[in-house]
Q: 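Structure incoming, see below.
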Amino acid sequence: MPVNLFEQFQRAANAYFLFLLILQLIPEISSLSWFTTIVPLMMVFTITAVKDATDDCFRHKSDNQVNNRQAEADLLLLSSSEPHGLCYIETAELDGETNLKVRQALPVTSELGADIRRLAEFDGVVVCEPPNNKLDKFTGVLFWKDNRYSLNNEKMLLRGCVLRNTGWCFGMVIFAGPDTKLMQNSGRTKFKRTSIDRLMNTLVLWIFGFLVCMGIILAIGNSIWEQQVGAHFRIYLYWNEVVNSSVFSGFLTFWSYIIILNSVVPISLYVSVEVIRLGHSYFINWDRKMYYPKKDTPAEVRTTTLNEELGQIEYIFSDKTGTITQNIMTFNKCSINGKTYGKSVLINKTVPVDFSFNPLADRKFQFYDHSLIESIKLGDSVVHEFFRLLSLCHTVIVWVFFLVGELIYQVQSPDEGALVTAARNFGFIFKSRTPETITVEEMGKLVTYQLLAILDFNNIRKRMSVIVQTPDGQIKLYCKGADTILFERLHPSNEELMDLTSDHLEEFAGEGLRTLALAYKNLTEEHFKEWFKILQEANTSLDSRNEHLAAAYEEIEKDMMLLGATAIEDKLQEGVTETIASLSLANIKIWVLTGDKQETAMNIGYSCHMLTDTMNEIFIVAGHTVMKIQYSDREYFVFQAHALEADLENEFVEVACMCKTVICCRATPLQKAQVVELVKKHRKAVTLAIGDGANDISMIKSAHIGIGISGEEGMQAVLASDYSFAQFRYLKQLLLVHGRWSYFRMCKFLCYFFYKNFSFTLVHFWFGFFCGFSAQTVYDQWFITLFNIVYASLPVLAMGLFDQDVNEQNSMDYAKLYEPGQLNLLFNKRKFFICIAHGVYTSFALFFIPYGAFYNTAGEDGKHIADYQSFAVTILSIICFVSFYLQIALDTSYWTAINRFFILGSIAVYFAILFAMHSDGIFVIFPNHFPFESDMKKKIVVPPPSSHAALVFISAATHLNPPLESILHFWIMSNFRCCQRIL
């Protein structure tokens with residue numbers, strides 16, 4: 001609790017009201033009781049504390065799930081129950097991925113097994129990197145028995161991972177407690193604020209300045225009045241020490257009015273905004289139209305503070321694979337030794353290949369070119385080598401269900417799964433792997449290859465290689481990767497085949513297929529041994545290990561022989577075309593950022609109608625200089641990564657933002673984030689990034705709004721996002737309905753909130769000119785206390801939660817309705833000043849209309865009916881019914897049962913409290929806190945109308961605070977005498 005209070009006082013508004021509370025404890029300053037401030041302040045603190053406590057409870061439960069596990073450290077795997085020291089883990093706690101991963105102990109430590117004595121005698125020393133938050137990287141060296149052993153992430157069990165299909169394992173603690181990678185990643189995420197949040201902070205400062213100005217005006221008035229009139233009556237005041245200085249009196253009055261007028265600074269604004277945002281978040285979570293039944297995945301709001309920003313999006317940055325496409329890969333076509341295989345599907349005409357000869361074939365797999373299976377059966381060596389590469393060069397884990405004779409592949413990438421499945425159906429079946437071997441069934445014959453080295457894939461290399469030794473002793477390197485990378489590393493003799501394959505790749509890419517090039521290389525034993533020494537030195541180096549490994553890989557991956565290329569189909573998700581069309585009508589610009597090659601990216605653009613045949617102005621950026629990138633207005637824009645070089649940034653943004661469509665190809669994760677940052681920096685626009693994979697995290701975090709798609713690549717993007725759902729098409733519902741409504745409601749709430757506070761508070765300002773600037777309040781203290789938390793809270797919250805200008809269907813059908821949010825039309829500085837002017841005018845009418853009604857008014861007995869109580873109750877009744885309940889009824893566009901209940905209920909509560917507070921009974925019980933009596937026996941009779949007395953409604957002196965009582969009494973009399981002299 002103390003920590004929570006400390007955090008809440010970090011907010012300037014809360015600290016300001018605590019300062020006011022302290023001022024109210026000074027009797028020489030305050031004319032209000034302390035509870036008028038502490039009750040609303042405690043309400044704000046309580047609601048905020050409950051919200052924080054709820055978040056802490058969920059966080060505590062999550063922490064307990066992790067902390068109660070036996071392994072609370074990052075371990076170096078020493079041995080396990082599985083052969084060869086293998087260990088299977090699930091890392092959902094770390095990266096959101098549920099597919100199993102393999103970890104392997106060093107061969108020298110795996111021999112320790114479960115022998116406790118030998119494990120206790122283990123005295124190895126590990127020298128490694130310092131604690132960091134990189135979950136996919138570990139660099140270290142084990143020194144044991146006069147030998148050095150390279151350590152990497154594949155030999156680590158990180159805190160948070162869960163053992164699967166492994167009986168037991170033993171490890172050596174490397175990092176514990178806060179040094180573990182899980183805890184290193186638990187730091188605070190960068191806090192995102194909406195444009196309305198930033199504007200509100202500015203407006204609150206302006207309001208505070210306005211409050212100070214009003215205090216100064218009234219303080220100056222008090223000093224002048226004291227000097228000219230009040231100085232004659234100071235000896236009659238009940239003060240313990242008479243204030244003889246009019247300047248000091250004005251100083252005290254300034255602080256008194258700061259207290260009285262404090263409601264103009266909205267203490268409940270922030271907590272009301274949070275309640276409204278929380279309600280909007282639940283509406284999104286509960287929306288069945290964004291629920292994906294196939295995976296039982298609803299939409300989820302992971303950050304509740306950004307809802308209204310969903311109604312102001314100008315730029316959407318979208319990943320391609322898995323975001324606008326399904327990321328369910330199928331092997332569609334291939335090019336082998338200069339010949340293409342695979343045909344397009346023609347309904348009712350094309351018969352798929354019959355794989356019944358293969359009992360382990362995947363029944364879901366279909367291929368429509370019979371000539372390929374014939375080449376395999378005829379023993380074409382190149383075709384065999386092609387599928388042999390696909391069955392060996394991967395990181396797939398296989399599970400065998402012996403009872404049904406079925407193979408289940410656990411894959412880290414859908415691309416790998418598609419390629420291994422294709423090889424499986426064409427007779428090259430990946431059966432099992434160990435740390436040293438890979439077993440493949442080739443056309444019915446089991447072949448075991450010795451696995452000598454794995455050259456990992458990463459976003460920089462864009463390729464993967466394995467080096468294996470065949471049963472007859474031949475050493476081969478198999479490599480697959482991006483064609484632009486692989487072609488640079490081919491033997492010169494492949495030039496003709498490379499040109500032919502390049503043509504096939506362009507054809508495949510034109511059909512929207514994802515392509516990879518395949519190559520191999522025969523190695524001599526001497527060459528491999530020399531290279532392997534270089535690899536071991538790189539693996540055991542502590543400094544710049546990655547650079548040394550990259551150099552070693554480059555050394556061996558050259559002069560390769562081209563085998564061909566694969567083409568994988570990734571279909572568009574359902575509803576993508578319609579969603580993009582609707583968002584475009586809403587004046588939202590959609591940019592696609594992908595790592596695919598240009599032809600593939602452009603074809604997907606045509607498939608989803610981002611690009612059309614009528615767009616004849618094609619602008620492709622392929623230059624490295626400013627002169628090559630500068631161009632005139634174009635309809636769409638395709639650029640490659642080097643267009644983001646430092647000296648081209650301004651030209652890129654200027655040209656790209658003039659285009660209707662922008663597609664970025666060959667982009668790395670860092671470059672995706674760079675594009676987002678450039679648009680944020682140069683266009684000052686609200687951005688949204690959407691993706692489904694780990695390579696989209698940087699982009700998602702860089703944008704104002706980050707959305708994660710829970711697709712085939714795990715949950716890493718979801719864990720880093722602000723909102724998540726399962727399909728791209730739900731973006732239309734999120735933005736055009738929930739986003740627009742949230743922005744509309746929040747703006748309407750803010751306009752009314754500021755109007756309400758100013759119209760309520762400025763009545764005191766006008767009253768100051770009629771009470772000698774004595775800091776007397778118009779309303780009684782309990783009304784001031786209860787106004788914002790009882791009388792005026794629920795109706796305005798209901799409007800902020802449920803109001804809508806048009807229904808859901810019209811919001812979807814008429815996308816142009818989204819534009820006011822982009823242009824920031826519904827709440828801005830101009831709107832704020834209009835609300836303030838409305839509030840000032842309303843407060844003027846609230847004070848002077850009752851004043852005029854009571855002025856020179858007599859009852860049936862010929863006496864004045866004006867008194868402080870009647871005047872105060874009249875004003876507060878008018879402010880509740882006219883400026884609040886009637887105004888909110890006129891402003892409400894969409895009536896619900898909740899709106900009606902809140903307004904009628906607030907009226908009933910107002911009358912109940914008013915009756916109770918002005919009853920004889922509560923006056924008798926609490927005479928000090930409730931000074932008004934219902935029969936008004938002590939009402940003062942002011943001078944006759946001819947006196948033109950300034951005050952005709954002041955209550956009996958016995959009802960006022962002693963200092964103010966004397967001031968007002970003598971001010972009345974002095975005005976009366978002055979008027980008599982004038983007459």
Side-chain angles (χ1 to χ4, degrees), residues 7-20 40-41 43-45 47-48 51 190-213 261-281 303-313 684-686 704-705 722 739-762 788-789 792-793 796-797 799-801 803 820-840 891:
E7 289 295 330
Q8 291 200 52
F9 281 122
Q10 300 301 304
R11 182 171 282 173
N14 292 342
Y16 162 72
F17 280 99
L18 178 64
F19 173 68
L20 287 183
L41 191 62
M43 287 286 293
V44 171
F45 282 168
I47 294 174
T48 305
K51 178 180 177 293
K190 181 182 177 182
F191 186 67
K192 295 182 178 180
R193 303 186 69 88
T194 66
S195 57
I196 287 183
D197 270 334
R198 293 188 291 271
L199 177 59
M200 280 198 305
N201 289 337
T202 302
L203 297 182
V204 168
L205 292 177
W206 288 0
I207 293 172
F208 180 73
F210 183 71
L211 171 62
V212 172
C213 291
L261 302 174
N262 74 77
S263 55
V264 77
V265 178
I267 183 174
S268 58
L269 174 63
Y270 292 103
V271 69
S272 299
V273 166
E274 290 301 321
V275 170
I276 291 174
R277 285 170 171 168
L278 186 63
H280 294 168
S281 299
T303 304
T304 61
T305 59
L306 304 174
N307 295 326
E308 65 271 13
E309 196 114 292
L310 291 170
Q312 298 180 277
I313 302 300
K684 307 298 182 184
V686 181
H704 292 96
I705 302 288
D722 304 306
R740 203 185 70 83
W741 277 353
S742 294
Y743 175 73
F744 169 78
R745 291 164 177 167
M746 184 61 70
C747 293
K748 204 166 187 179
F749 164 79
L750 291 175
C751 288
Y752 191 82
F753 195 94
F754 287 120
Y755 156 75
K756 169 179 69 72
N757 276 28
F758 270 76
S759 62
F760 168 76
T761 306
L762 263 63
N788 273 321
I789 62 176
S793 58
V796 70
L797 281 177
M799 183 176 70
L801 285 171
D803 203 28
Q822 297 170 322
L823 301 175
N824 202 24
L825 297 179
L826 300 186
F827 187 74
N828 48 43
K829 294 175 182 177
R830 179 177 175 273
K831 281 282 187 181
F832 170 74
F833 285 117
I834 291 175
C835 294
I836 299 309
H838 188 194
V840 172
D891 288 342

Q: Does any part of the side chain of Gln312, heavy atoms only, come nearer than 4.5 Å to the side chain of Asn824, both counted from C-beta?
A: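 Result yes, sub-4.5 Å side-chain heavy-atom pair found.
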
Q: Say you draw a straight line from CD of Glu274 to OG1 of Thr304; how long is it, rounded to the nearest 0.5 Å?
A: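 The distance works out to 6.0 Å.
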
Q: Applying side chain to side chain contact (heavy atoms under 4.5 Å, CB included), name anything that partners Leu205, two or more places apart in sequence or on another chain.
A: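 Expected list: none.
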
Q: Answer yes or no on whether Lys829 is positioned over the face of Phe832, meaning its NZ or CZ is under 6.0 Å from the six-membered ring centre and within 45° of the axis.
A: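 Output no; distance or angle outside limits.
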
Q: To the nearest 0.5 Å, how far apart are NZ in Lys831 and CG in Leu203?
A: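 Spacing of NZ (Lys831) from CG (Leu203) equals 14.0 Å.
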
Q: Are there over 12 heavy-atom neighbours, none belonging to Arg830, within less than 6.0 Å of that residue's CZ?
A: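 Atom CZ in Arg830 is not crowded, with 12 or fewer foreign heavy atoms closer than 6.0 Å.
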
Q: Could you check whether any side-chain N or O of His838 sits under 3.5 Å from a backbone N or O of Tyr752, counting only pairs where one atom can act as donor and the other as acceptor?
A: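 No, His838 side chain to Tyr752 backbone: no donor-acceptor pair under 3.5 Å.
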
Q: Got a second to check how far Ile276's CD1 is from Leu750's CG, nearest 0.5 Å?
A: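 Answer for the CD1-CG pair, Ile276 versus Leu750, is 7.5 Å.
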
Q: Give the minimum heavy-atom separation between His280 and Ser742, together with the two atoms involved.
A: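 It is ND1-OG, 3.4 Å.
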
Q: Roughly how far, to the nearest 0.5 Å, is the CZ atom of Phe754 from the OG atom of Ser759?
A: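 Interatomic distance, Ser759 OG to Phe754 CZ, rounded to 0.5 Å: 13.0 Å.
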
Q: Hey, does the side chain of Asn307 reach the backbone of Arg277 with a donor-acceptor pair shorter than 3.5 angstrom?
A: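 Answer holds: yes.
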
Q: Do the side chains of Phe753 and Asn757 get nearer than 4.5 Å, heavy atoms only?
A: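 When only atoms from C-beta onward are counted, Phe753 and Asn757 do touch, with a gap below 4.5 Å.
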
Q: Mind checking whether Trp206 and Ile836 have side chains closer than 4.5 Å, heavy atoms only?
A: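 The answer is no; the side chains never approach within 4.5 Å.
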
Q: Quick check: closest heavy atoms across Asp803 and Asp891, and the distance to 0.1 Å?
A: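 Taking Asp803 first and Asp891 second, the nearest heavy atoms are OD2-O, 4.0 Å.
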
Q: Report yes if some heavy atom in the side chain of Ile313 is under 4.5 Å from a heavy atom in the side chain of Gln822; otherwise report no.
A: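 Not touching, per the 4.5 Å side-chain cut-off.
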
Q: For residues Ser195 and Glu309, report the shortest heavy-atom separation together with the two atoms involved.
A: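 Nearest pair, atom of Ser195 first, then Glu309: N-OE1, 3.0 Å.
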
Q: If I compare all heavy atoms of Tyr743 with all of Leu826, which pair ends up nearest, and what's the gap?
A: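 Answer, listing the atom of Tyr743 first, then Leu826: OH-N, 3.3 Å.
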
Q: Any ion pair linking Arg745 and Glu308 (charged N to carboxylate O, less than 4.0 Å)?
A: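 Not counted as a salt bridge, because no side-chain N and carboxylate O are separated by less than 4.0 Å.
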
Q: So does Phe758 get a backbone contact from the side chain of Thr761, meaning a donor-acceptor N/O pair under 3.5 Å?
A: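 Not a single qualifying donor-acceptor pair exists.
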
Q: What's the shortest heavy-atom distance between Leu762 and Val840, and which atoms?
A: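 Closest approach of Leu762 to Val840, heavy atoms only: CD2-CG2, 3.5 Å.
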
Q: Indicate yes or no: at least one non-hydrogen side-chain atom of Phe749 is less than 4.5 angstrom from one of Val273.
A: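 When only atoms from C-beta onward are counted, Val273 and Phe749 do touch, with a gap below 4.5 Å.
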
Q: Indicate yes or no: at least one non-hydrogen side-chain atom of Ile834 is less than 4.5 angstrom from one of Cys751.
A: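 Of all side-chain heavy-atom pairs linking Cys751 with Ile834, none is under 4.5 Å.
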
Q: Measuring from Ile207:CD1 to Thr202:OG1, what's the distance to the nearest 0.5 Å?
A: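 It is 11.0 Å, given to the nearest 0.5 Å.
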
Q: Partners of Asn201 by side chain to side chain contact (heavy atoms under 4.5 Å, CB included), sequence neighbours excluded?
A: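 Here the qualifying residues are Arg193, Tyr270.
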
Q: Would you name the heavy atoms of Ile705 and Leu306 that are closest together and state the gap between them?
A: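 So the two residues come closest at CD1-CB, 3.6 Å.
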
